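Take a look at the structure below.
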2 protein chains.
Amino acid sequence: MEKVKQTVRTPRSYGQFCAFARALDVVGERWTLLIVRELLPGPMRYTELKTSLAGIATNLLAERLRSLEANGVVERRLEQSGVSYALTPWGAELHEPMEALGRWGAPLLETGRGDDAFQPRWLALALPGLLRGVTANPPVELGIETNGFALVLRIDQDGPSAMIRPDRQPSTVLSAAPEVVVGLAAGGLTIDQALASGEFRGDRQVLSTAFPAERESAVDR
Amino acid sequence: MEKVKQTVRTPRSYGQFCAFARALDVVGERWTLLIVRELLPGPMRYTELKTSLAGIATNLLAERLRSLEANGVVERRLEQSGVSYALTPWGAELHEPMEALGRWGAPLLETGRGDDAFQPRWLALALPGLLRGVTANPPVELGIETNGFALVLRIDQDGPSAMIRPDRQPSTVLSAAPEVVVGLAAGGLTIDQALASGEFRGDRQVLSTAFPAERESAVDR
DNA sequence: CCGCATCCTCATGGATACTG
DNA sequence: CAGTATCCATGAGGATGCGG
């Protein structure tokens, strides 16, 4: 029999006339914002999402994507190579609140990595968030390489931003373990400590420009 | 038998080495951020929270408060008048990401209020969020009165902020229905339309200063 | 393989009653 | 007033199936 369960589940609403509560109605369910975080650097395939978000059930991923699409946050694209999911312009604007929440959560990284999963892709949200307030003129570009994955951190007079799959590789590349990269950005390590640890290599001069110690700290808790 | 169910439920963690994911581990569960929103303007009693968050189950409220306290977001205070809950300094810093998410969700208010609940207290988060970017020099103070509840919106050169239970009432008070107040702030209504509707009274001159039409719109979707 | 849909089990949320 | 205790409904997690 051709029964097609459309599964148009209507998510539980808070029923409040409040922009914040209505935002949570759209993106407040479990896994939803993590899917958006994955898509922030660029479109992804279903299976890429599934493997990057270790632990999400396949039916949940499908349902969240459907819900996000229905609400105009995510766009489902049929390309020659297959299906890909991308953020709509409105969905991409989640970047700001998410970066802010990541900054708020930075102290929670102090307990270390433990057995937690890590995807270098997540740095695209975390690094600009943690370095908010840092500016550079002339602009600085620094390659970051972790777990065999490369992204470029750019700092100009408007602040930091991250790019994945850049046109050209910057001349200076920092190669280090996730804890070191994140610790650096969060201020848990100074450039000198990191250099002394021998855990990464890079051009000290450029790094010192990019990561000044005297920025206002959002993580001094 | 004296069995005391401590109910130290350890909430499901995403298990990711990512500040954003860890933040969601702390405040990502259902109702949690709405509790924080309630506490942003100031401490509240258990029953106040319960009635303001219409629809939350009492056991859930108790459990969320316990979890927030255990994570250092909320502080439980025993005062002479009873128990009150307040945000810790770290918890209060959620103000920024929450305001940003509220701004993102502003377009969702366009569908109108419908049967949704409304608490004037929520304006303390919404109004500064929606008016982000508006400055005034010299500072402007405007009373807002809705549903028999008053707060003061202050705009100075640093931007807008809201106060509840202010020391003194400003000379100009805007008294209107929730939809009108929110619509005004979101840019859905102009001062002229609002005045023409006869739904509120106020000093047009001051209002025009406080709500300039030519600000950058975050709600043009 | 990729992109899901179904099924099953158990954890979490929601409603209500009750208690110090 | 400030919660606990209980019970039922719903959503999450995991395995598997299945058409393209």
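Computed from a prediction, not measured in an experiment: that's the story for all the values here. In what follows, chains carry the letters A, B, and so on, assigned in the order in which the sequence lines appear, proteins first and then strands, with residues in each chain numbered from 1.
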Point to revise | side chain to side chain donor-acceptor pair (under 3.5 Å) involving Asp156(A) - partner list, sequence neighbours excluded | key: Arg154(A)
Practice item. Would you give the length of the straight line joining atom CG of Leu87(A) to atom CZ of Arg37(A), rounded to the nearest 0.5 angstrom? Key: 12.5 Å
**Study point:** Reported CG-to-CZ distance for the pair Asn59(B) and Arg64(B), which is rounded to 0.5 angstrom
**Key:** 9.0 Å
Exercise for review: With sequence neighbours excluded, give me every side-chain hydrogen bond (donor to acceptor under 3.5 Å, both in side chains) pair touching residues 117-130 of chain B.
Suggested key: Glu38(B)-Trp122(B)
Check your understanding: For Leu61(A) and dA5(C), what is the distance between atoms CG and P respectively, to the nearest whole Å?
Key -> 11 Å
Exercise for review: Mind checking salt bridge (charged side-chain N to carboxylate O under 4.0 Å, His left out) for Glu75(A) and listing every partner two or more places apart, or none if nothing turns up?
Suggested key: Arg77(A)
Study note, to complete from the structure: What residues 73-84 of chain A contributes to the DNA chain C interface at heavy-atom separation below 4.0 Å is Arg76(A), Val83(A)
Practice item. Give a yes/no answer on whether the side chain of Arg66(B) brings an N or O atom under 4.0 Å of OP1 or OP2 in dT4(D). Key: yes
Review point. Nearest 0.5 Å, what's the CG-CD distance between Asp116(B) and Glu179(B)?
Key: 10.0 Å
Check your understanding: In what stems does DNA chain C take part, counting only runs of at least 3 consecutive Watson-Crick or G-U pairs whose two distances fall under 3.5 Å?
Key -> C:1-19 with D:2-20
Exercise for review: Drop me the distance from Leu33(B)'s CG to Leu94(B)'s CG, to the nearest 0.5 angstrom.
Suggested key: 6.5 Å
Exercise for review: List in chain and number order the residues that pass side chain to side chain donor-acceptor pair (under 3.5 Å) with Thr51(A), two or more places apart in sequence or in another chain; answer none if no residue qualifies.
Suggested key: none
Exercise for review: For Thr88(B) and Gly72(B), indicate whether the former's side chain and the latter's backbone hold a donor-acceptor pair under 3.5 Å.
Suggested key: yes
**Study point:** Pairing residues for Ala19(A) by the side chain to side chain contact (heavy atoms under 4.5 Å, CB included) criterion, not counting sequence neighbours
**Key:** Leu109(B)
Point to revise | All side chain to side chain donor-acceptor pair (under 3.5 Å) counterparts of Arg113(A), not counting sequence neighbours | key: none
**Study point:** Residues in contact with DNA chain C, drawn from residues 32-49 of chain A - heavy-atom cutoff 4.0 Å
**Key:** Arg45(A), Tyr46(A), Thr47(A)
Review point. How would you list all residue pairs meeting ring pair (Phe, Tyr, Trp, His ring centres under 6.0 Å) that involve residues 41-69 of chain A, not counting sequence neighbours?
Key: none
Check your understanding: Quick one: what's the B/S/- string for nucleotides 13-20 of chain C, heavy-atom cutoff under 4.0 Å, read 5' to 3'?
Key -> SBBBB---
Exercise for review: Please list, chain by chain and in numerical order, all residues satisfying ring pair (Phe, Tyr, Trp, His ring centres under 6.0 Å) with Tyr14(A), sequence neighbours excluded.
Suggested key: Trp31(B)
